[in-house]
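Okay, so here's the structure we're looking at.
This chain uses plain numbering: 1 for the first residue, then up along the sequence.
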Amino acid sequence: LPLDVATLRQSLAALPGFSGAPILTLHSACTERTVYLQRPDLGRQLDAASRDQLNALQPGSEAQTQHCYDLAFVVVDGLSAFAIHQNASAFLAVMQTRIAAQNWAVAPLCIVELGRVAVGDEVGQLLRAKLVVVLIGERPGLSSPDSMGLYLTWMPHVGLTDASRNCISNVRLAGLSYEEAAYKLHYLLSQSLRRHLSGVDLKDDA
């Protein structure tokens, strides 16, 4: 199924933490779904218009290293847009209650069409965020077309490998609950900000 961006934007904008805040709609370098399936590398990159949109948010040079945000959330359709429609807004509503007291600077919420996990690295780099969390529709299984994955990366930038990420998988009503997933993610975010790392060096030992 294609991602219904208008409906997704509406549901995300209704969340208290994002009410009135900009929601950015971005696109990978894939021009359409067939290209997405045949060229995973293009799904990991933003198109030029999306890069320009993110660069326009930040003052000064693109190479400037000062970080503007502690955390960025990137919602990506992935291999199952259905999973995003089913879970993304509901999970973020629970997650917001976890981070409300943290006083973290949170970047504008981003939606990426035809994206892979690693597209979040480029989004996070251009936003100058210390941490990026990608919410993505996972590869549908025999009985779980609605499974959403969460991928956390410290100091995101283009060229990172999966070893730099922490993954929380199978977030859905019949799988890992929103509350448990939010608990795990909040713990990992807190540890990552404190220890300045993620991926294989950051263990979920909550």
Side-chain angles (χ1 to χ4, degrees), residues 1-33 35-37 42-58 68-100 104-129 131-138 140 145-153 156 168 171-173 178 181-182 185 189:
L1 296 174
L3 185 67
D4 184 346
V5 176
T7 300
L8 179 60
R9 284 179 61 93
Q10 186 175 17
S11 64
L12 292 173
L15 298 175
F18 296 112
S19 179
I23 298 177
L24 307 179
T25 302
L26 310 172
H27 206 286
S28 77
C30 297
T31 53
E32 44 90 20
R33 196 71 179 178
V35 176
Y36 174 82
L37 294 173
L42 295 180
R44 300 182 186 112
Q45 310 169 35
L46 292 172
D47 64 11
S50 297
R51 285 195 294 270
D52 290 344
Q53 186 178 355
L54 292 176
N55 282 326
L57 293 177
Q58 308 298 352
C68 299
Y69 302 105
D70 295 309
L71 175 61
F73 289 104
V74 182
V75 181
V76 184
D77 49 4
L79 290 167
S80 178
F82 178 65
I84 292 300
H85 289 306
Q86 290 289 100
N87 302 300
S89 296
F91 169 75
L92 284 173
V94 175
M95 191 64 202
Q96 283 179 328
T97 64
R98 283 266 171 198
I99 66 175
W104 290 338
V106 180
L109 188 61
C110 295
I111 300 170
V112 180
E113 296 182 77
L114 297 183
R116 303 275 179 172
V117 171
V119 77
D121 295 339
E122 187 172 14
V123 175
Q125 179 179 349
L126 294 175
L127 286 172
R128 298 178 192 161
L131 280 165
V132 66
V133 174
V134 173
L135 291 70
I136 190 167
E138 296 182 318
D146 60 340
S147 179
M148 184 177 71
L150 310 172
Y151 290 83
L152 173 154
T153 308
I168 300 171
V171 180
R172 61 192 182 105
L173 292 177
Y178 303 143
L185 181 58
L189 288 170

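Between Val171 and Asn87, the shortest heavy-atom contact is O-ND2, 3.6 Å. Heavy-atom minimum distance, His27 versus Glu113: CD2-CB, 3.7 Å. Scanning both residues, Leu189 and Met95, for their nearest heavy atoms gives CD1-CE, 3.7 Å. Between Tyr36 and Cys30, the shortest heavy-atom contact is CA-SG, 3.5 Å. For the pair Val76 and Arg116, the tightest heavy-atom approach, listed with the atom from each and the gap, is CG1-N, 4.2 Å. When every heavy atom of Leu46 is checked against every heavy atom of Arg51, the shortest pair comes out as O-NH1, 2.6 Å.
Among Leu135, Ile136, Ile168, the one residue that satisfies the side chain to side chain contact (heavy atoms under 4.5 Å, CB included) test with Tyr151 is Ile136. A side chain to side chain contact (heavy atoms under 4.5 Å, CB included) with Cys110 is found for one member of Val132, Val119, Val134, Leu127 and no other, namely Leu127.
If you take OG on Ser50 and CD on Gln45, they are separated by 12.0 Å, rounding to the nearest 0.5 Å. Separating the OG1 atom in Thr25 from the CD atom in Gln53 is a distance of 7.5 Å, to the nearest 0.5 Å. Atom CG of Leu173 sits about 7.5 Å away from atom CD of Gln86, to the nearest 0.5 Å. Note that CG of Leu57 and CG of Asp52 are 11.0 Å apart. Values are rounded to the nearest 0.5 Å. From Asp121, atom CG reaches atom CG of Leu126 across 11.0 Å, with rounding to the nearest 0.5 Å.
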So Leu109 and Leu92, side-chain contact (heavy atoms from CB on, under 4.5 Å) or not? Walk me through it. CA-CA 11 Å; Leu109 188 61; Leu92 284 173; 4.3 Å; yes

Could you go through the side-chain contact (heavy atoms from CB on, under 4.5 Å) check for Leu8 and Asp77 one step at a time? CA-CA 11 Å; Leu8 179 60; Asp77 49 4; over 6 Å; no

I would like to know whether Tyr69 and Leu131 meet side-chain contact (heavy atoms from CB on, under 4.5 Å); could you show each step before the answer? CA-CA 8 Å; Tyr69 302 105; Leu131 280 165; over 6 Å; no

side-chain contact (heavy atoms from CB on, under 4.5 Å) between Leu24 and Val123: does it pass, once the steps are laid out? CA-CA 11 Å; Leu24 307 179; Val123 175; over 6 Å; no

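Using modelled atom types, one side-chain atom of Ser80 and one backbone atom of Ala83 make a donor-acceptor pair closer than 3.5 Å. The backbone N or O of Phe82 sits nowhere less than 3.5 Å from a side-chain atom of Asp146 that would complete a donor-acceptor pair. Side-chain N or O atoms of Arg9 include one that pairs as donor or acceptor with a backbone N or O of Ile23 at under 3.5 Å.
Leu37 has its side chain within reach of Leu79: a pair of non-hydrogen atoms, C-beta onward, lies under 4.5 Å apart.
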